[in-house]
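Note that the structure is predicted; figures quoted are calculated from it, not measured.
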Amino acid sequence: YPIEKIRNFSIIAHVDHGKSTLADRLLELTGTIKRGHGQPQYLDKLQVERERGITVKAQTATMFHKYKLHGCNDGNIDEPSTFLLNLIDTPGHVDFSYEVSRSLAACQGALLVVDAAQGVQAQTVANFYLAFESNLTIIPVINKIDQPTADPDRVKAQLKSMFDLDPSDALLTSAKTGQGLEHVLPAVIERIPPPPGSSSSPLRMLLLDSYYDEYKGVICHVAVVDGALRKGDKISSAATGQAYEVLDIGIMHPELTPTGVLLSGQVGYVVTGMRSTKEARIGDTLYHTRTTVEPLPGFKPAKHMVFSGLYPADGSDFDALNHAIERLTCNDASVSITKETSTALGLGFRCGFLGLLHMDVFHQRLEQEHEAHVISTVPTVPYIFEYSDGSKVEVQNPAALSSDPKKRVIACWEPTVIATIIIPSEYVGPVITLCSERRGQQLEYSFIDRYQQSDLVKLDILLNGKPVDAMATIVHSLKAQRVGRELVDKLKKFIDRQMFEIIIQAAIGSKVIARETISAMRKNVLAKCYGGDVTRKRKLLEKQKEGKKRMKRVGSVDIPQEAFHQLLKVS
Ligand code: GDP
Ligand code: MG
C-alpha cells in the first residue's frame with residue numbers, strides 16, 4: 001500500500017468525552033462495521049470494559065476511505081483515491097496512560113476529543129501533552145454538541161489558552177446524532193502527514209501490544225516502521241535474539257483479516273508461533289533475521305506505584321493462578337510480577353500496578369477471563385528504608401521490613417508526586433483541604449489566563465501638593481520606585497518654568513517616593529515690555545494664549561500636552 005495514502009491516528013480524550021463512540025461512528029462511516037451492529041463502543045471488547053464502560057486496552061482498527069486529495073490519486077485525477085486509515089482508540093483514565101503513550105508511538109496524528117459541555121479536563125491536558133511531546137498533529141474535536149449545555153465557544157477558548165490550538169481548526173461533532181462527523185476523516189487525511197519510514201529500507205517493526213488467543217497463540221500488534229513483512233518471512237527480536245517464522249499476517253479490519261503482507265507505515269498483526277507469553281516484549285524491535293538494523297527507541301518502562309500480594313483462594317490452585325497471571329500479563333505488560341510466600345497464605349505473587357484502578361481491573365480480568373479466584377493483600381506503595389547496618393532497600397511488602405535488632409530502621413522515605421491540579425476556582429478550598437489531609441505541600445498557585453493575585457499600588461503624581469488624577473497609574477509595587485522617579489524626571493523636563501516654584505512629587509498613599517522642583521521664573525514675561533509699545537505687548541500676550549491652548553492648567557500649574565505624551569512612554 002503506498003505510504004502517502006496511509007494515515008495513522010489515535011483518539012485521545014478525558015474519560016467519557018466520547019472517544020469510543022466516535023470510533024464506532026468512524027468505523028460505521030467507512031463501512032468497517034455495520035450500522036446498528038448491536039454493541040456500542042465496538043472496540044471495547046473486554047468484559048471489564050463493557051461492565052465499567054471504560055476503555056482499558058488501546059485497540060486498533062484499519063479502515064478504508066475514498067477521498068479526493070489534491071495531488072494524490074489512483075491514476076485518474078478526477079477520481080477520489082482510497083486511503084488506508086489506522087485508528088487507535090485509547091483509554092482515558094490516568095492509570096492506563098501507558099497504553100496511550102504506546103499507541104501514540106505508531107501515530108502521526110491524534111484527534112483530541114473534548115466534551116462540549118464539560119470542556120477541558122485533567123486527562124485532556126495529560127493526553128494533549130503526551131501527543132504534543134510525540135510531535136503529533138493534533139486535531140481538536142469538540143464532541144457532544146447536541147447536549148443542551150454544550151458551549152463550544154468556551155471550549156475553543158480553552159483550547160486556545162491552554163494548548164495554543166487555533167480555534168478555527170476545531171471540528172464540532174456529535175457522535176450521538178452524527179452531526180459534523182463528515183468533516184472528521186477529511187481532516188485526518190488533509191492535516192495528518194503520512195507515516196515517515198521507507199519501504200525499500202530493511203524491515204524494522206515495533207511491537208505495540210500482544211495478547212493470547214486460544215487457537216492462534218500469541219498475537220502481536222505491530223507497526224511496520226521501515227521495509228515490508230510477508231507471510232513466511234523469518235524475523236528476529238532485538239531484545240532476545242530469538243528468531244520466528246511469520247505464520248499469519250494481516251490487519252485488524254476490525255477483526256483479524258489476513259493480507260499476507262504489511263508494508264512500511266502500516267499497523268497490523270502477526271502470528272509467529274511464539275510459545276511463551278513472555279516472548280512478546282512490548283516496545284521490542286522485530287527485524288528480518290540476518291539483517292542488521294538499529295533498534296527503535298521502544299517505550300519507557302512502566303512505573304509501578306501500588307503493590308499488592310495475590311494468592312490463590314484455594315492453596316492448591318497455585319499452578320492455575322500462575323498460568324492465568326502469565327496469560328494476562330502478556331496482554332498487560334505494565335504489571336510487574338514476582339513470586340513470594342506468605343506464612344499465612346502460602347505461595348503467591350507480589351504484583352506492581354500503575355494505580356488502584358489498574359489493580360482493580362487486573363483482578364477483575366483474572367477472575368472473568370481466566371477463572372482464577374484470588375485473595376489480594378492490602379495494597380501498599382513502595383517505601384525505602386535505611387537500616388543501621390548501612391543498607392538501603394525498597395520495601396514493597398510490609399512483611400519484608402526487617403525485625404532484626406541489628407538492622408534497625410534509621411531513616412525512611414515515601415514516594416511523592418509533583419502534581420499540577422487544574423480546577424474551577426469554586427473548588428479550590430476543598431481541594432486544598434484534601435491535599436493538606438494527605439500532607440501535600442503547596443508549591444505554587446496560579447490562575448490560567450485569568451486574573452492573578454498581585455501586589456499593586458496606586459502611584460500618584462502631585463503638583464504643588466495637589467494630586468493630578470490623569471497622571472495616576474497602577475503599578476506593581478516592585479516597579480513603583482523606578483516608575484515614580486522616571487515620571488517625575490520627565491515632568492520636570494517638559495513643564496516650563498512658571499511664575500512660581502513647582503514641586504513635582506510621586507507618591508504612594510502619603511509616602512513620597514520621588515521629588516523634583518522647578519524653580520520660579522525670576523522675570524515676568526512682560527517685564528521687558530514695560531514702557532514699550534502696546535502692539536508688541538499685545539502680540540506677546542496673544543502668543544502666550546496660543547501656547548496655552550496646548551496647555552492644561554492643573555490647579556495653578558500649566559502642563560504642556562507634550563508632558564502627558566511623554567508620561568505614556570514610562571512603564
Ligand atoms: P470514552 O470514555 O471517551 O470512550 O467515551 P464513550 O465513547 O464510552 O462515551 C461516554 C458516554 O457519552 C456514552 O454514554 C456515550 O453514549 C455518550 N456520548 C458519546 N458521544 C456523545 C455525543 O456526541 N452526544 C451525547 N449526548 N452523548 C455522547
Ligand atoms: Mg472509551
Side-chain angles (χ1 to χ4, degrees), residues 1-10 60-65 67 69-75 81-88 101-110 131 133-139 188-210 220-239 241 243-246 248-253 257-272 280-299:
Y1 214 90
I3 201 160
E4 66 272 12
K5 284 187 216 157
I6 299 177
R7 299 290 183 275
N8 297 324
F9 68 103
S10 73
T60 311
T62 299
M63 311 178 284
F64 293 94
H65 189 60
Y67 185 72
L69 179 67
H70 184 72
C72 199
N73 61 75
D74 294 340
S81 55
T82 304
F83 285 82
L84 184 155
L85 310 174
N86 289 309
L87 175 162
I88 304 181
S101 43
R102 269 177 15 210
S103 312
L104 296 184
C107 294
Q108 287 71 45
E133 282 160 16
S134 311
N135 285 321
L136 302 195
T137 301
I138 294 166
I139 302 177
V188 165
I189 293 171
E190 299 266 1
R191 299 190 208 167
I192 298 173
S198 130
S199 296
S200 53
S201 310
L203 172 74
R204 284 203 299 175
M205 184 162 73
L206 183 64
L207 182 53
L208 292 175
D209 200 0
S210 66
C220 299
H221 285 181
V222 295
V224 180
V225 175
D226 284 321
L229 182 70
R230 289 180 177 76
K231 189 174 169 174
D233 284 0
K234 295 265 190 310
I235 54 170
S236 295
S237 148
Y244 304 95
E245 182 180 337
V246 177
D248 186 12
I249 183 167
I251 56 175
M252 285 77 87
H253 186 49
T257 309
T259 56
V261 61
L262 282 178
L263 300 178
S264 154
Q266 278 193 283
V267 176
Y269 76 91
V270 288
V271 179
T272 62
R281 300 207 182 171
I282 311 286
D284 194 2
T285 302
L286 300 170
Y287 58 96
H288 276 134
T289 308
R290 277 194 284 280
T291 59
T292 30
V293 297
E294 179 79 10
L296 297 160
F299 308 113

Do side-chain atoms of His221 reach the backbone of Ser210 as a donor and acceptor pair under 3.5 angstrom? no
Distance in Å, Ile189 CD1 paired with Leu85 CG, rounded so as to fall on 0.5 Å steps: 5.0 Å
So do the side chains of Leu84 and Gln266 get within less than 4.5 Å of each other, counting heavy atoms only? yes
Rounded to the nearest 0.5 Å, what's the gap from CZ on Phe9 to CD1 on Ile139? Could you check? 8.0 Å
Taking all heavy atoms of Ile249 and all of Val261, pick out the closest pair and write down the distance. CG2-N, 3.7 Å
Taking the side chain as every heavy atom from C-beta outward, state whether Pro194 and Gln108 have any pair of such atoms under 4.5 Å apart. no
Option among Leu229, Asp233, Leu262 that satisfies the side chain to side chain contact (heavy atoms under 4.5 Å, CB included) test with Leu203: Leu229
Kindly indicate whether the side chain of Ser81, heavy atoms from C-beta on, has any atom under 4.5 Å from the side chain of Leu69. no
Smallest separation among heavy atoms of Ser236 and Ala243, with atom names: OG-CB, 3.8 Å
Taking all non-hydrogen atoms of both residues into account, name the closest pair between Thr259 and Gly250 and its distance. OG1-CA, 3.3 Å
With heavy-atom distances below 4.5 Å as the criterion, would you say the side chains of Leu104 and Ser10 are in contact? yes
Could you check whether any side-chain N or O of Asn86 sits under 3.5 Å from a backbone N or O of Thr60, counting only pairs where one atom can act as donor and the other as acceptor? no
Heavy atoms, side chains only, cut-off 4.5 Å: are Cys107 and Ile88 in contact? yes
Pairing residues for Asp248 by the salt bridge (charged side-chain N to carboxylate O under 4.0 Å, His left out) criterion, not counting sequence neighbours: Lys216
If you measure from SG on Cys220 to OH on Tyr269, what distance do you get to the nearest 0.5 Å? 12.0 Å
Please identify each residue that fulfils salt bridge (charged side-chain N to carboxylate O under 4.0 Å, His left out) with Asp226, with sequence neighbours left out. Arg204
Matching residue for Met205 among Leu286, Thr285, Leu296 - test: side chain to side chain contact (heavy atoms under 4.5 Å, CB included): Leu286
Heavy-atom pair with the smallest gap, counting every atom of Pro202 and Val293: CB-CG1, 3.9 Å
Heavy-atom side-chain contact between Ile235 and His288 under 4.5 Å: yes
At their closest point, which heavy atom of Ala131 faces which heavy atom of Ile138, and how far apart are they? CB-CD1, 4.1 Å
Atom CZ of Arg7 and atom OH of Tyr67: how far apart are they, to the nearest 0.5 Å? 10.5 Å
Please report the interatomic distance CE(Met252) to CG(Leu87), rounded to the nearest 0.5 Å. 11.0 Å
Minimum heavy-atom distance between Ala228 and Leu263, given as atom pair plus value: CB-CD2, 3.4 Å
Side-chain contact test, heavy atoms from C-beta onward, threshold under 4.5 Å: evaluate it for Phe64 versus Ile251 and give yes or no. yes
For residues 259-270, the salt bridge (Lys or Arg N to Asp or Glu O under 4.0 Å) pairs (sequence neighbours left out) are none
Any donor and acceptor pair, going by atom type alone, linking the side chain of Ser237 with main-chain N or O of Ala239 inside 3.5 Å? yes
Non-hydrogen side-chain atoms of Ile6 and Phe83 separated by less than 4.5 Å: no
